[in-house]
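These notes concern the structure reproduced below.
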Amino acid sequence: MFVRRILAVGAGAAVVAAGGFLASPASAAGFEGVPDIACDTWISGTKANGVCRGTAREETYRVKAVCRMGNGAGTFTKYGPWRGVGLPDYSSADCGATVLSASIQFRV
(Lines give C-alpha, C1' and ligand atoms only; values in the text may rest on other atoms or scores of the structure.)
Protein backbone atom coordinates (compact mmCIF):
# COMPACT_ATOMS: atom_id res chain seq x y z
CA MET A 1 0.00 0.00 0.00
CA PHE A 2 1.22 3.49 -0.87
CA VAL A 3 1.22 5.83 2.13
CA ARG A 4 2.12 9.50 2.22
CA ARG A 5 2.13 12.01 5.07
CA ILE A 6 1.08 15.48 3.96
CA LEU A 7 0.65 18.85 5.59
CA ALA A 8 -1.36 21.37 3.57
CA VAL A 9 -1.73 25.04 4.32
CA GLY A 10 -2.83 28.03 2.30
CA ALA A 11 -5.74 29.62 0.48
CA GLY A 12 -8.55 27.11 0.82
CA ALA A 13 -5.93 24.38 0.60
CA ALA A 14 -7.12 20.94 -0.26
CA VAL A 15 -4.78 18.10 -1.04
CA VAL A 16 -5.90 15.40 -3.44
CA ALA A 17 -4.08 12.17 -4.19
CA ALA A 18 -4.82 10.15 -7.27
CA GLY A 19 -4.84 6.62 -5.90
CA GLY A 20 -3.15 6.64 -2.53
CA PHE A 21 -3.82 7.27 1.10
CA LEU A 22 -3.93 10.70 2.65
CA ALA A 23 -3.66 11.27 6.35
CA SER A 24 -3.92 14.45 8.32
CA PRO A 25 -0.67 15.52 10.00
CA ALA A 26 -2.04 14.55 13.41
CA SER A 27 -3.08 11.05 12.37
CA ALA A 28 0.02 10.52 10.20
CA ALA A 29 2.43 11.21 13.04
CA GLY A 30 2.62 7.50 13.88
CA PHE A 31 3.96 6.43 10.47
CA GLU A 32 7.68 5.75 10.45
CA GLY A 33 9.79 6.10 7.32
CA VAL A 34 7.06 7.87 5.34
CA PRO A 35 8.27 10.91 3.37
CA ASP A 36 7.00 14.25 4.65
CA ILE A 37 5.47 16.55 2.06
CA ALA A 38 4.34 20.08 2.96
CA CYS A 39 2.21 21.90 0.37
CA ASP A 40 1.04 25.48 0.19
CA THR A 41 -1.45 27.11 -2.20
CA TRP A 42 -2.17 30.77 -2.75
CA ILE A 43 -4.22 32.94 -5.09
CA SER A 44 -2.71 36.00 -6.72
CA GLY A 45 -5.05 37.94 -8.99
CA THR A 46 -6.32 35.53 -11.63
CA LYS A 47 -3.68 32.88 -10.85
CA ALA A 48 -3.77 29.90 -8.51
CA ASN A 49 -0.32 28.80 -7.33
CA GLY A 50 0.97 25.81 -5.43
CA VAL A 51 4.26 24.45 -4.18
CA CYS A 52 5.22 21.26 -2.34
CA ARG A 53 8.43 20.70 -0.42
CA GLY A 54 9.66 17.53 1.18
CA THR A 55 11.88 14.50 1.00
CA ALA A 56 9.91 12.55 -1.64
CA ARG A 57 11.68 13.90 -4.73
CA GLU A 58 10.12 11.25 -6.98
CA GLU A 59 6.63 12.64 -6.27
CA THR A 60 5.04 15.08 -8.73
CA TYR A 61 2.22 17.53 -8.13
CA ARG A 62 0.30 20.29 -9.88
CA VAL A 63 -2.07 23.05 -8.86
CA LYS A 64 -5.77 22.76 -9.69
CA ALA A 65 -7.78 25.98 -9.96
CA VAL A 66 -11.56 26.24 -9.95
CA CYS A 67 -12.44 29.42 -11.81
CA ARG A 68 -15.59 31.51 -12.27
CA MET A 69 -16.59 32.33 -15.84
CA GLY A 70 -16.26 36.02 -16.68
CA ASN A 71 -20.02 36.32 -17.19
CA GLY A 72 -20.71 34.57 -13.86
CA ALA A 73 -22.67 31.80 -15.61
CA GLY A 74 -20.65 28.93 -14.23
CA THR A 75 -17.23 27.53 -13.33
CA PHE A 76 -14.37 25.80 -15.11
CA THR A 77 -11.16 24.07 -14.04
CA LYS A 78 -7.57 24.89 -15.03
CA TYR A 79 -4.42 22.93 -14.15
CA GLY A 80 -0.84 24.04 -13.76
CA PRO A 81 2.15 22.08 -15.06
CA TRP A 82 3.44 19.02 -13.20
CA ARG A 83 6.37 19.82 -10.88
CA GLY A 84 8.66 17.69 -8.73
CA VAL A 85 8.37 17.87 -4.95
CA GLY A 86 11.23 19.88 -3.50
CA LEU A 87 12.24 21.62 -6.73
CA PRO A 88 12.62 25.41 -6.56
CA ASP A 89 9.75 26.20 -8.93
CA TYR A 90 6.01 26.06 -8.35
CA SER A 91 2.91 25.14 -10.34
CA SER A 92 0.62 27.94 -11.52
CA ALA A 93 -2.70 28.02 -13.39
CA ASP A 94 -4.06 31.27 -14.86
CA CYS A 95 -7.85 31.43 -14.93
CA GLY A 96 -8.00 34.80 -16.65
CA ALA A 97 -10.98 35.33 -14.33
CA THR A 98 -11.84 34.99 -10.64
CA VAL A 99 -10.20 32.04 -8.87
CA LEU A 100 -12.65 30.34 -6.51
CA SER A 101 -10.27 27.75 -5.04
CA ALA A 102 -6.76 26.34 -5.35
CA SER A 103 -5.75 22.79 -4.48
CA ILE A 104 -2.91 20.32 -5.07
CA GLN A 105 -3.07 17.10 -7.07
CA PHE A 106 -0.43 14.36 -6.89
CA ARG A 107 0.47 12.01 -9.72
CA VAL A 108 1.11 8.50 -8.46
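Nothing here was measured: the structure is a model prediction, and the numbers come from that model.
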Next on the checklist: To the closest 0.5 Å, what do you measure between CZ (R68) and OG1 (T46)?
Outcome noted: 14.0 Å

Next on the checklist: Once rounded to the nearest 0.5 Å, what's the spacing between atom CG of L100 and atom CD1 of I43?
Outcome noted: 8.0 Å

Checklist entry - Taking it one step at a time, do T77 and K64 satisfy side chain to side chain contact (heavy atoms under 4.5 Å, CB included)? => result CA-CA 7 Å; T77 303; K64 174 184 174 184; 3.7 Å; yes

Checklist entry - Between S91 (side chain) and V63 (backbone), is there a donor-acceptor pair under 3.5 Å? => result yes

Checklist entry - For residues 79-102, which residue pairs qualify under ring pair (Phe, Tyr, Trp, His ring centres under 6.0 Å), counting only residues two or more places apart or in two chains? => result W42-Y90

Checklist entry - Between S92 and P81, which heavy-atom pair has the shortest distance, and what is it? => result O-CD, 3.5 Å

Checklist entry - Do you know which two heavy atoms are closest between Y61 and V51, and how far apart they sit? => result OH-CA, 3.5 Å

Next on the checklist: As an exercise, state the distance from OG1 of T41 to CG of N49, rounded to the nearest 0.5 Å.
Outcome noted: 9.0 Å

Checklist entry - Heavy-atom distance under 4.5 Å between the side chains of I37 and E59, does that happen here? => result yes

Item to check | R53, CZ: over 12 other non-hydrogen atoms inside 6.0 angstrom | outcome: yes

Item to check | Whichever hydrophobic residues join M69 through chains of side-chain contacts under 4.5 Å | outcome: F76

Checklist outcome for this item: Here the disulfide (SG to SG under 2.5 Å) pairs for residues 41-78, sequence neighbours left out, are C39-C52, C67-C95

